[in-house]
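Below, chains carry the letters A, B, ... as their sequence lines are ordered, and counting in each starts from 1. All values reported here derive from a predicted model rather than from experimental measurement.
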Amino acid sequence: MSDHLLEIKDLKVSFFTPAGEVKAVNGVTYDLDEGRVLGIVGESGSGKSVSVSAMMQLLAYPGRVVGGSIHFNGQDVLAMNAEQIQAIRGKDIGMIFQDPMTSLNPVFTVGEQLVETLRRHTKMTRAEAWQRGIEMLRLVGINNPEQRIKQYPHEFSGGMRQRAMIAMTLLCNPKLLIADEPTTALDVTIQAQIMDLMKRLREQINAAIILITHDLGIVSDICDEVIVMYAGRIVERGTTDDIFYRPAHPYTRGLLRCLPRLDSDGSEPLEPIEGTPVDLLALPKGCAFAPRCKNCMKVCLTQQPPVFQMGEGHISMCWLHALENNEEVQEQ
Amino acid sequence: MSNAPLFEARNIVKNFQVGGGLLSKARYVHAVDDVSLTIEKGETFGLVGESGCGKSTFGRTILRLYEPTSGQILLDGQDITHANMRPLRKRMQIVFQDPYASLDPRMTVGDIVGEPLDIQDACSGKEERRDRILELLNLVGLNSEHMNRYPHEFSGGQRQRVSIARAMALHPDFMVCDEPISALDVSIQAQVINMLMELQQKLGMAYLFIAHDLNVVRHISKHVGVMYLGSLVEVCEANSLYRNPMHPYTQALLSAIPIPDPEVSRSRRRVVLEGDVPSPINPPQGCKFHTRCPYAMDVCRQQRPETITVEPGHTCACHKVKQDLGL
Ligand SMILES: Nc1ncnc2c1ncn2[C@@H]1O[C@H](COP(=O)(O)OP(=O)(O)OP(=O)(O)O)[C@@H](O)[C@H]1O
Ligand SMILES: Nc1ncnc2c1ncn2[C@@H]1O[C@H](COP(=O)(O)OP(=O)(O)O)[C@@H](O)[C@H]1O
Ligand code: SF4
Ligand code: SF4
Ligand SMILES: [Mg+2]
Ligand SMILES: [Mg+2]
């Protein structure tokens with residue numbers, strides 16, 4: 001039926017908190033093919049992490065998928081039972097988190113954990129798995145892997161732990177790699193090492209990669225396509241060049257403009273996006289960005305903007321495009 | 001001494017003792033190792049460097065929140081290294097990175113901003129206190145409506161505004177801003193940076209602005225200092241930082257920053273440093289950067305490079321730079 005590696009349709013996730021329903025992901029649709037790198041950007045709380053946790057059935061209580069579908073490799077992920085999803089997690093889909101200690105166990109050596117992962121998903125013997133573990137540590141740039149594999153995670157530096165976690169996710173040749181802010185906790189020189197590694201890996205393993213980050217610099221460095229999220233929705237999606245050179249949505253444009261420019265001498269003030277981040281418990285009726293948008297019109301306050309096609313593979317969700325297209329906007 | 005700079009740090013050293021219980025020998029973290037710099041009235045000095053290199057320790061030491069192990073701190077040319085800080089507090093303030101942890105959740109925003117006024121007995125009555133608080137809130141873009149609310153009702157950016165209003169309550173002329181925007185979303189960072197720069201123009205405060213984002217530091221600062229393992233390896237004008245970085249570490253740091261422009265990213269060549277920052281408990285001998293420096297020579301492993309002046313206002317501590325310039 002579908003020939004995309006990953007196909008997400010109208011995904012909706014809510015957290016049912018005592019204060020009310022938090023619509024963390026509110027109708028997200030996209031697909032991803034093998035070998036492509038997709039960046040997801042947006043401010044904290046915009047639903048980036050929740051959208052991928054749903055994909056792995058890793059939603060924290062009280063979160064629930066309340067609508068939509070997720071297909072991976074043609075299979076309906078949301079219909080899978082615990083055993084089926086377990087078989088995919090860590091094998092076909094690998095996850096890299098901001099804090100490597102969420103996936104490394106402090107009481108086992110790095111080697112024990114590598115072997116354990118391999119033995120769960122393959123028929124390798126212990127000795128074969130140990131060898132493969134050493135190879136993987138070498139692949140991710142850990143010096144002296146024969147010795148390092150015997151150490152505990154706390155004996156590694158932050159950058160090395162992140163490498164070890166990447167090694168762990170690569171063990172079983174995943175088809176999809178999800179990296180959620182993999183370098184946010186690292187220093188820039190270590191971040192550069194990890195980004196270099198990711199670039200090298202994408203050539204070598206041909207997996208699809210989803211990279212969640214708030215750093216537009218990282219996106220421009222490694223991604224083919226970009227999704228910009230705001231308040232649980234995709235407000236713009238396009239190729240990296242679309243997003244950086246032809247941004248269509250006022251939020252995307254604002255994000256690009258508020259960064260200090262490399263050629264400025266600091267005499268011009270920055271152009272911030274005014275206002276405060278959105279409160280998901282009190283979403284406005286129309287466009288969620290309206291309270292901060294310089295272009296806000298009457299229709300924006302009452303009606304959700306639809307998706308507009310800006311070009312091949314480039315979409316934006318904003319009423320301005322109706323105006324640009326001379327469409328009639330029905331006030332309600 | 002009317003031509004003395006507003007602030008001067010001379011050879012500041014700060015060591016922390018770790019261990020040294022019954023069973024272990026005392027060891028020392030060399031957090032700040034012989035750092036000197038000057039900041040003029042109304043100017044911003046930006047301090048960058050990787051995590052653990054001693055930026056916060058330096059910022060706290062010069063405000064005497066930590067006692068320096070050695071070195072001298074001067075304000076208006078007066079040595080305040082051992083002075084009673086109470087009367088000086090109002091002139092020197094600090095804003096912290098985490099807008100969540102640094103505000104007392106049980107106090108209203110008005111009381112948080114008013115507390116320094118109370119401690120210093122700065123107002124003659126309730127009315128004056130209220131007016132001063134309002135004035136401060138207005139300065140940072142908040143208003144009377146916010147006065148009786150509690151920190152948890154505010155976003156990160158707003159809380160950072162509250163911390164800044166509080167730090168400004170006593171009209172300091174020197175403020176240490178320790179990563180004041182790191183915890184904020186990109187879209188909010190620009191608001192706080194603009195506000196800090198406007199306040200500086202209006203009130204003439206000097207800042208020591210600590211951050212790890214070089215682009216931001218360059219934007220806000222007149223001078224920038226680059227720290228590595230407790231030492232200041234290069235100081236120059238913000239504008240020449242990109243044009244003419246001299247120290248190999250500064251060059252690597254600049255080249256590690258991702259640039260939000262796909263064409264530039266694709267075409268540029270990067271120096272990717274190998275390895276990690278060594279531990280400040282046992283920093284490398286000689287030049288502390290030699291374990292990661294692509295140009296390290298024998299002399300670098302043995303001898304600490306002295307700080308040389310490359311051009312007026314631009315200093316650098318590196319054997320290679322010194323040789324290349326024939327100094
Ligand atoms: N109270 C303390 N006791 C012992 N060691 C300390 C103490 N405070 C800081 N250090 C050590 O001193 C060094 C410098 O720390 P500092 O907090 O100044 O770094 P920083 O440059 O501000 O880093 P970051 O960018 O992570 O904020 C680090 O090695 C740190 O672990
Ligand atoms: N366990 C939880 N309980 C309640 N709300 C949650 C939980 N996890 C996430 N959320 C909410 O869902 C929204 C999206 O979160 P997330 O996807 O983590 O954002 P980000 O884009 O920063 O990754 C946020 O408003 C967040 O507060
Ligand atoms: S729909 Fe209206 S408020 Fe929303 S981004 Fe577009 S112009 Fe702004
Ligand atoms: S002194 Fe030597 S090791 Fe240190 S930065 Fe210069 S060239 Fe590199
Ligand atoms: Mg997240
Ligand atoms: Mg710090």
Legend entry - Most contacts with chain B, counted as non-hydrogen pairs under 4.5 angstrom, among A:G158, A:G254, A:G159, A:G275: A:G275

Inset, instruction - Against chain B, work out which of A:P272, A:P269, A:S220 has the most heavy-atom pairs shorter than 4.5 Å and name it. - result: A:S220

Legend entry - B:Q251 vs B:V271 side-chain heavy atoms within contact, under 4.5 Å: no

Checking heavy atoms, do the side chain of [X], its backbone, both or neither come under 4.5 Å from chain B?
X: A:V219; result: neither
X: A:I218; result: both
X: A:D215; result: side chain
X: A:Q191; result: side chain
X: A:R292; result: side chain

Legend entry - B:Q158 and A:T276: side chain donor to acceptor below 3.5 Å: no

Less than 4.5 Å to any heavy atom of chain A: does that hold for the side chain of [X], its backbone, both, or neither?
X: B:V216; answer: both
X: B:S155; answer: side chain
X: B:I193; answer: side chain

Legend entry - Enclosure of B:R27 CZ (heavy-atom neighbours >12, cutoff 6.0 Å): no

Legend entry - Interatomic distance, B:C177 atom SG to B:I210 atom CD1 [nearest 0.5 angstrom]: 8.5 Å

Heavy atoms only, distances under 4.5 angstrom: which of [options] has the most pairs with chain A? Name it, please.
options: B:E263, B:M197, B:E274; answer: B:E263
options: B:S187, B:G141, B:G275; answer: B:S187
options: B:S265, B:P262, B:G156; answer: B:P262

Legend entry - Candidate list A:Q204, A:M198, A:E203, A:R202, test side-chain contact (heavy atoms from CB on, under 4.5 Å), partner A:R200, passing option: A:Q204

Inset, instruction - Before accepting this row, confirm whether a basic side-chain N of the pair B:R268/B:D261 lies closer than 4.0 Å to the acidic partner's carboxylate O. - result: no

Legend entry - Shortest non-hydrogen contact between B:G49 and B:K55, atoms and distance: O-NZ, 2.9 Å

Inset, instruction - Would you sort out whether A:E236 and A:R246 count as a salt bridge (Lys or Arg N to Asp or Glu O under 4.0 Å), showing the intermediate values? - result: CA-CA 11 Å; A:E236 184 163 5; A:R246 295 173 288 281; over 6 Å; no

Inset, instruction - Classify the angle between the aromatic ring planes of A:H249 and A:F289 as parallel (below 30°), tilted (30 to 60°) or perpendicular (above 60°). - result: tilted

